[in-house]
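Counting from 1, the numbers follow the sequence of the chain as shown.
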Amino acid sequence: MTHRYKQASTEGIPQPIRNGEGWWDLGPRDVLRDLENPDLLVPPTTDNGTLPNLKFSFSDTYMQLNQGGWSREVTVRQLPVATTLAGVNMALTPGGVRELHWHQQAEWAIMLVGRARITSVDQNGSNFIADVGVGDLWYFPPGIPHSIQGLEEGCEFLLVFDDGSFSDLNTLSISDWFAHTPKDVLSANFGVPEGSFAHIPDKQVYIFQGTIPGPVESQQVPDPYGTVPKTFTHRLLAQEPIVTPGGTVRIADSTNFPIATNIAAALVEVKAGGMRELHWHPNEDEWQYYISGTGRMTVFGGNGIARTFDCRAGDVGYVPRAFGHYIQNTGSQSLWFLEMFRSNRFEDVSLNQWMALTPHQLAQENLHAGPELMDALREEKWPVVKYPGFSYYPKADNGL
């Protein structure tokens with residue numbers, strides 16, 4: 001086989017070649033996958049060593065289909081490194097119900113499309129009934145029973161749980177408990193004849209098709225104990241963002257969403273040409289969910305170890321605690337993603353700010369840095385950055 005034939009037969013197909021290193025891949029391969037992951041096929045020169053896989057797509061996981069909706073999840077079974085958090089992507093039809101249930105884990109959620117009604121009752125008998133729309137969050141503490149129902153337009157949302165081993169298919173549900181309790185016990189518990197339970201489900205329902213509920217005011221249940229003392233919802237998009245030249249950041253943790261004591265989050269927008277700055281998180285691993293756009297994330301693990309991953313809508317990313325990383329927008333539209341942490345607080349350390357607040361002579365001698373860099377350092381943290389003439393855009397040479 002001649003070199004000329006190789007060129008002709010692979011025109012327009014990416015090859016694992018960078019600056020004279022590598023060779024042709026002419027064997028069986030998934031070209032579409034390689035086109036989606038150019039930084040795995042041709043790693044940047046920064047990449048080296050044995051960091052595990054830090055990305056998994058919801059498109060590659062099992063889809064549970066039910067009358068009333070669907071669900072799919074990314075846990076340690078799909079992404080073994082992600083031990084702190086697990087995620088469930090779920091959709092409900094108009095009237096579709098995620099049945100009355102509860103978990104050993106905390107549940108954090110964001111509405112992605114449409115609207116839903118959520119209900120709950122806490123350990124003191126206080127209830128909570130509310131409608132949530134796009135960009136709204138909800139949070140249920142561990143063990144607190146709740147339900148979710150799609151409204152007129154249906155809905156799709158992301159659920160996050162504070163245990164990487166969690167599975168939404170193995171939760172504690174009302175139908176499952178009824179199905180596994182003798183009818184005479186149910187009769188004694190509720191004070192009604194056993195015949196009242198003749199038609200209860202014989203197994204867990206999970207998701208079912210219900211009737212579209214009326215206005216929330218029509219479904220309020222008077223509660224002698226009142227509503228829950230801390231709201232279970234938060235309107236994230238109504239929150240004033242941190243705005244920088246590169247994009248926006250909205251942080252939701254126990255400081256502004258007090259009930260959310262186990263999970264903290266940041267909604268990040270990186271504008272075209274911008275990047276989530278070089279930083280790390282000192283308190284917890286980071287679990288990411290990419291909402292829209294395309295980007296590339298490089299993670300630095302110390303001792304010369306680093307890897308780069310290409311990310312797009314529906315992907316989950318993961319960064320171990322205190323590992324340095326950055327995320328570049330590689331598309332022409334804004335890149336939106338969530339940063340999630342098993343913590344009551346969002347915390348990050350900015351490389352730029354750290355250097356700016358360190359004695360300059362020390363930093364300069366440590367890095368042999370020139371005056372251009374030292375004069376450009378900022379004492380104020382910019383989570384997302386963009387500088388005219390210094391932005392990343394897709395390049396033909398993947399080695400850059």
Side-chain angles (χ1 to χ4, degrees), residues 84-85 87-88 103 105-112 115-120 122-124 126-144 146 148 155 157-163 216 226-244 246-271 276-277 279-292 319 321 327 334-350 353 380-385:
T84 60
L85 297 171
V88 176
H103 316 283
Q105 299 80 9
E107 174 180 309
W108 182 102
I110 184 169
M111 184 61 70
L112 303 171
R115 295 188 308 130
R117 180 160 301 158
I118 59 174
T119 72
S120 182
D122 73 5
Q123 68 274 19
N124 299 314
S126 299
N127 68 0
F128 185 82
I129 305 170
D131 291 349
V132 288
V134 173
D136 290 347
L137 311 182
W138 68 85
Y139 182 92
F140 297 121
I144 299 301
H146 54 279
I148 312 165
C155 59
F157 46 91
L158 176 74
L159 305 168
V160 179
F161 300 88
D162 60 344
D163 180 356
V216 68
T227 59
V228 296
K230 296 179 181 179
T231 180
F232 288 160
T233 61
H234 177 72
R235 300 198 181 281
L236 184 61
L237 293 184
Q239 182 178 316
E240 192 70 24
I242 300 169
V243 179
T244 70
T248 62
V249 177
R250 291 174 173 85
I251 296 170
D253 61 16
S254 61
T255 62
N256 57 1
F257 189 15
I259 193 67
T261 55
N262 290 32
I263 299 177
L267 175 63
V268 181
E269 176 199 13
V270 182
K271 293 181 179 179
R276 177 71 169 94
E277 68 161 351
H279 69 285
W280 67 93
H281 303 279
N283 57 334
E284 271 294 349
D285 294 2
E286 175 180 334
W287 192 96
Q288 304 164 344
Y289 178 72
Y290 288 84
I291 298 172
S292 65
V319 182
R321 180 172 61 89
I327 301 169
S334 284
L335 170 67
W336 288 88
F337 63 94
L338 289 164
E339 299 179 1
M340 311 287 304
F341 307 88
R342 189 173 65 182
S343 174
N344 67 334
R345 293 291 298 273
F346 174 90
E347 297 179 359
D348 71 342
V349 177
S350 162
Q353 187 182 49
E380 178 187 358
K381 184 187 297 183
W382 284 7
V384 188
V385 296

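- To the nearest 0.5 angstrom, Met111 atom CE is 10.5 Å from Leu137 atom CG.
- Within the 3.5 Å criterion, the main-chain N or O of Phe128 finds no donor-acceptor partner in the side chain of Ser120.
- Panel note: side chain Asp285, backbone Arg321; a donor-acceptor pair is recorded below 3.5 Å.
- Residues satisfying the salt bridge (Lys or Arg N to Asp or Glu O under 4.0 Å) test with Arg250, not counting sequence neighbours, are none.
- Looking only at side-chain heavy atoms (C-beta outward), Phe257 and Leu236 stay at 4.5 Å or farther from each other.
- Within the 4.5 Å cutoff, side-chain heavy atoms of Tyr139 are placed close to those of Thr261.
- By the salt bridge (Lys or Arg N to Asp or Glu O under 4.0 Å) test, Asp253 is found to be paired with Arg345, residues two or more places apart in sequence or in another chain being considered.
- Residue pairs meeting the salt bridge (charged side-chain N to carboxylate O under 4.0 Å, His left out) criterion with at least one partner in residues 227-239, sequence neighbours excluded, are Asp136-Arg235.
- Residue Glu107 holds its CD atom at 4.5 Å from CG of Leu159, rounded to the nearest 0.5 Å.
- Atom CZ in Phe346 sits 8.5 Å away from atom CG in Asn283 (nearest 0.5 Å).
- Distance alone, capped at 3.5 Å, places no donor-acceptor pair between the Tyr289 side chain and the Met340 backbone.
- We find the CD1-CZ distance between Ile263 and Phe161 to be 8.0 Å, quoted to the nearest 0.5 Å.
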